[in-house]
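Here is how names work: the chains are called A, B, and so on, in the same order as the sequence lines, proteins then strands, and each is numbered from 1.
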Amino acid sequence: MKEYQTITEISGPLVFAEVDEPVGYDEMVEIETPQGETLRGQVLESSEGLVSIQVFEGTGGIDRNASVRFLGETMKMPVTEDLLGRVLDGSGNPIDGGPEIVPDDRVDIVGEAINPYSREYPEEFIQTGVSAIDGMNTLVRGQKLPIFSGSGLPHNELALQIARQASVPEEEGDDEEGSEFAVIFGAMGITQEEANEFMQDFERTGALERSVVFMNLADDPAVERQVTPRLVLTTAEYLAFEKGYHVLVILTDITNYCEALREIGAAREEVPGRRGYPGYMYTDLAQLYERAGRIEGNEGSVTQIPILTMPGDDDTHPIPDLTGYITEGQIVMDRDLNSQGIEPPVNVLPSLSRLMDDGIGEGLTREDHGDVSDQMYAAYAEGEDLRDLVNIVGREALSERDNKFLDFADRFETEFIQQGYDTNRSIEETLDLGWDLLSMLPKEALNRIDEELIEKYYREDEAETAEVEA
Amino acid sequence: MSQAEDIESVDEDGVIESVSGPVVTATDLDARMNDVVYVGDEGLMGEVIEIEGNLTTIQVYEETSGVGPGEPVENTGEPLSVDLGPGMLNAIYDGVQRPLDELEEKMGSAFLDRGVDAPGIDFEREWEFTASVAEGEIVEPGDVIGKVPETASITHKVMVPPNYEGGEITSIETGEFTVDEVIAELDSGEEITMHQEWPVRRARPSDEKETPTEPLVSGQRILDGLFPIAKGGTAAIPGPFGSGKTVTQHQLAKWADADIVVYVGCGERGNEMTEVIEDFPELEDPKTGKPLMSRTCLIANTSNMPVAARESCIYTGITIAEYFRDMGYDVALMADSTSRWAEAMREISSRLEEMPGEEGYPAYLAARLSEFYERAGKFQLINGEEGSISVIGAVSPPGGDFSEPVTQNTLRIVKTFWALDADLAERRHFPSINWNESYSLYRQQLDPWFRENVAEDWPERRQWGVDVLDEEGELQEIVQLVGKDALPEDQQLTLEVARYLREAWLQQNAFHDVDTYCEPEKTYRMLGAIKTFNDEAFDALEAGVPVEEIQDVDAAPQLNRMGVADDWNEFIDELESDLKEQIRALY
Ligand SMILES: Nc1ncnc2c1ncn2[C@@H]1O[C@H](COP(=O)(O)OP(=O)(O)OP(=O)(O)O)[C@@H](O)[C@H]1O
Ligand SMILES: [Mg+2]
């Protein structure tokens, strides 16, 4: 391993060094400062005689006399099943005081793309116990379903609730032991306080035993955030596809990750794209999000719930926008619902689960699931529209039909969406609750539901109560 | 990808000078623009995209981690080409035509390794060739000399390659052959096999373009009914994320009455390609009853696969489409999404440090887009026959804002615009195609076909529907201010009719077994039933019946069930007579 003392330039997170032997693109680098500190980095560009290096821990303390070592390989994650129960920093070093990790294998963190031909289409329902998700935006194994949130909204509570409650309802007559469930949590630039919230919940519920935690906190180097999610996903792929686990990956906060990406782009003096983020941010994010899924003939699965806070609550901002273009839907948190005290404050209208259609229905959840969800969407959207009108003309000016839709929208929020972070509803409970509400509406208005299902599930008693109230 | 390794490398190897992501520069490489080269010790596939003095710039179709200066670059001396011949249907390729099933086998893993090549068609498999011309006949470029039953639904036609001279056939044989065996010889000395190679960036020749007069029937009511695309036409579907681009493209790939479908998944999700691979073999072509997969060729370069191959996958797709067009087929190509292709161009361009144009896209963006869509059309072929390529491109505008360069440059070229609308998608009105913003410039030239093949008054009935929807748009503005009940009764009734047009006719559930496909006759009759309701209702209103009573007749909500009705002819007959009876009973 050759060592150089040839640094020619230091700029932001980047270091440029002269070399007299070829160095591979993406290769790992160690830089030792005159103070004896060792920093790690990666080759961003390699030319004959000159390389540029991105330093994960930041370039503080490096000067021209620092020595540079090229490790001759790209970055690897040491993986083993023993990682379960461990807490690591954002570069993968244990910080829990536990024993040294003896790896089973060392895996390249960039990760190869799953051959689309080898994938298996995700269609196995995960019950999260949250009606807004299970009923309206169903999550399936192997899906990537982000939470679009805003600063100060309770996305962490929701993520924790999902991590706690997620289960796959037992299939009848299926008594063989299924694969085990594991959670991998990747924190990028969150505060110590938020991190504590997660850790305490993990410890309180005993979830830590089946979890691996990677922590890059707000005061940790920003450039390290480039690496953390890749370590997370490499570990997830290993546990899922080598060890057969069903892995749930929670990444928070993607916004901090993207800020780091922007910072490196700026330091490299790249031509910036929309709002200063690099033009390749779509590709870069896809290389994270596409590492979810199932593989044909393989037991395990990687399901991703990335969390991002939308700057200015704007979903056309490049971070949520590019994410939405890659992920298989999104769960959107809403500030108004939050201030009304709705828990979780999920606005289902802009939310979506694209893999829902194949994961629900007879034999999977329940025969009426698709129709009930469609109908509730339509009715809630109609009620929402009417709210604007009511503000202008008052309730009396509206027809009886319209008033029922208004009531529906209110109860939908306060009874169906509202449930609290400790209530775990089964899918039957969620759908029955849906019927309670839908039965406020006249049967003829249920135009998205199959007539036979209306006959079977429509609650005449609810309809009468609604009638009396009106 | 072509069997480039078969060709003796005549040129000197070059040496890598620098590596930056997918862009590699090399010195001392004797190459032409667009030559395919093998980069580094692992032989990663790349293409020459710039030559400046002794420095050659290469875009690499595989990951370049670990590749460094000093490693060799080998030139094949051949431009990026596809292998054409039997075996492309029912196949799934990556962006440079490597079969993904074969890569899985060769790599022995579900993950895409690098440095592995595989030809686009099977060189070992024998096909049953039946000659359709005899010795002594004169054949010219493009002429069909025989047939191969390629899949359950498609006969592959073996043609004299377009770059041949042609001449008298001196020998031709019927029998079982591999694609590289000579099946015919010409007096010009030329030998014909079932295998052609063609550089992807060059359009295959044709005679001239004709005006398309036949619709590409999609089985989607809003498309066939309001915004039809022609066989040989072009269409764009722009829309924000989650608005329905992919579902619409999949619907077209499933139900459009094309002979051949080339589906290019360009920089999108892996699971969406898996869905096609899993679903299509189980679906039947509504016309022929044959499995849909046997007319389909898939090209998948997902968002996490190398960005350079995203740039090339569009060309790979359109070249394959042209080859089937040359056999006289009607081909439909879907590209999802062309924005990812444009972004790949931008990414490569910025690594080349080219002068950026609007929003960082290279100045040649508009030219590339129009070159691509120009390869669509209804063609007079060089062999005198006709064939067509319809191209439908999804566009993914950042923030859903249609004023951005890719959408704008695309709209300048294409003749059908299906504008997806986030607001409709949010209220689960699918397909979320906005009927006010969308248009089709083919409408008039296709009307004669609809008159002749569906119903004489197709255009008039459509116009009635359009007028009602327009009126609704205007009335809605008033309703927003004063509420519906403040409107006069006839206007309330118009709103009710418009609601049925939207909910019963324009909406169509892609995931419902019956509703997913709607033949034009059914589209026409469903519209007719709503018009029957309209006509009867207005008569009743005139006779003094209050609008609530008319709206509340039992049969009216049944209009919403037409789409999912299996035996729709009977259902609509019955519904129309119920509507008449019940409404007339009110006065
Ligand atoms: N015709 C339809 N019938 C029923 N559902 C539909 C229809 N069109 C779209 N959808 C619903 O909308 C969702 C999103 O559609 P789709 O995946 O096609 O969006 P997209 O525009 O391709 O988004 P992206 O740009 O992110 O790829 C689908 O998963 C489905 O739930
Ligand atoms: Mg899509």
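- More than 12 heavy atoms of other shown residues, nucleotides or ligands fall within 6.0 angstrom of atom CG in Asn391(A).
- Residue contact with chain B, scored on non-hydrogen atoms closer than 4.5 Å, is absent for Pro272(A).
- Asn271(B) has its side chain within reach of Lys144(A): a pair of non-hydrogen atoms, C-beta onward, lies under 4.5 Å apart.
- Between Phe241(B) and Arg354(A), the closest side-chain pair of non-hydrogen atoms falls below 4.5 Å.
- Formation of a donor-acceptor pair under 3.5 Å by the Tyr282(A) side chain with backbone atoms of Glu343(B) is not found in this model.
- A cation-pi arrangement is found for Arg340(B) relative to Tyr325(A), the charged atom lying closer than 6.0 Å to the ring centre and inside a 45° cone about the ring normal.
- Taking the side chain as every heavy atom from C-beta outward, Gln558(B) and Glu451(A) approach each other to under 4.5 Å.
- In this structure, Tyr25(A) contributes its side chain and Gly21(B) its backbone to a donor-acceptor pair below 3.5 Å.
- Here the closest non-hydrogen pair linking Ile295(A) and Ala110(B) is CG2-CB, 3.6 Å.
- Although no hydrogens or angles enter the test, the distance criterion places no donor-acceptor pair under 3.5 Å between the side chain of Glu63(B) and the main chain of Glu112(A).
- Looking at Arg269(B), its side chain never comes within 3.5 Å of a backbone N or O of Glu290(A) through a donor-acceptor pair.
- Of all heavy-atom pairs spanning Pro116(A) and Ile277(B), the tightest one is O-CD1, 4.0 Å.
- Between the side chain of Arg427(B) and the main chain of Tyr380(A), no donor-acceptor pair closer than 3.5 Å is present.
- Side-chain contact annotation: Arg401(A) with Gln551(B), donor-acceptor N/O pair under 3.5 Å absent.
- If you measure heavy-atom distances from Ile114(A) to chain B, the contacts under 4.5 Å come from both the backbone and the side chain.
- To the nearest 0.5 Å, the span separating CG on Asp26(A) from OG on Ser20(B) amounts to 10.0 Å.
- For the pair Met273(B) and Asn115(A), the minimum side-chain heavy-atom distance is 4.5 Å or more.
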Worksheet item: Given Leu352(A) and Arg428(B), is the side chain to side chain contact (heavy atoms under 4.5 Å, CB included) satisfied, shown in steps?
Response: CA-CA 10 Å; Leu352(A) 170 72; Arg428(B) 301 322 194 239; 4.1 Å; yes
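- Heavy-atom distances place the side chain of Asp385(A), and not its backbone, under 4.5 Å from chain B.
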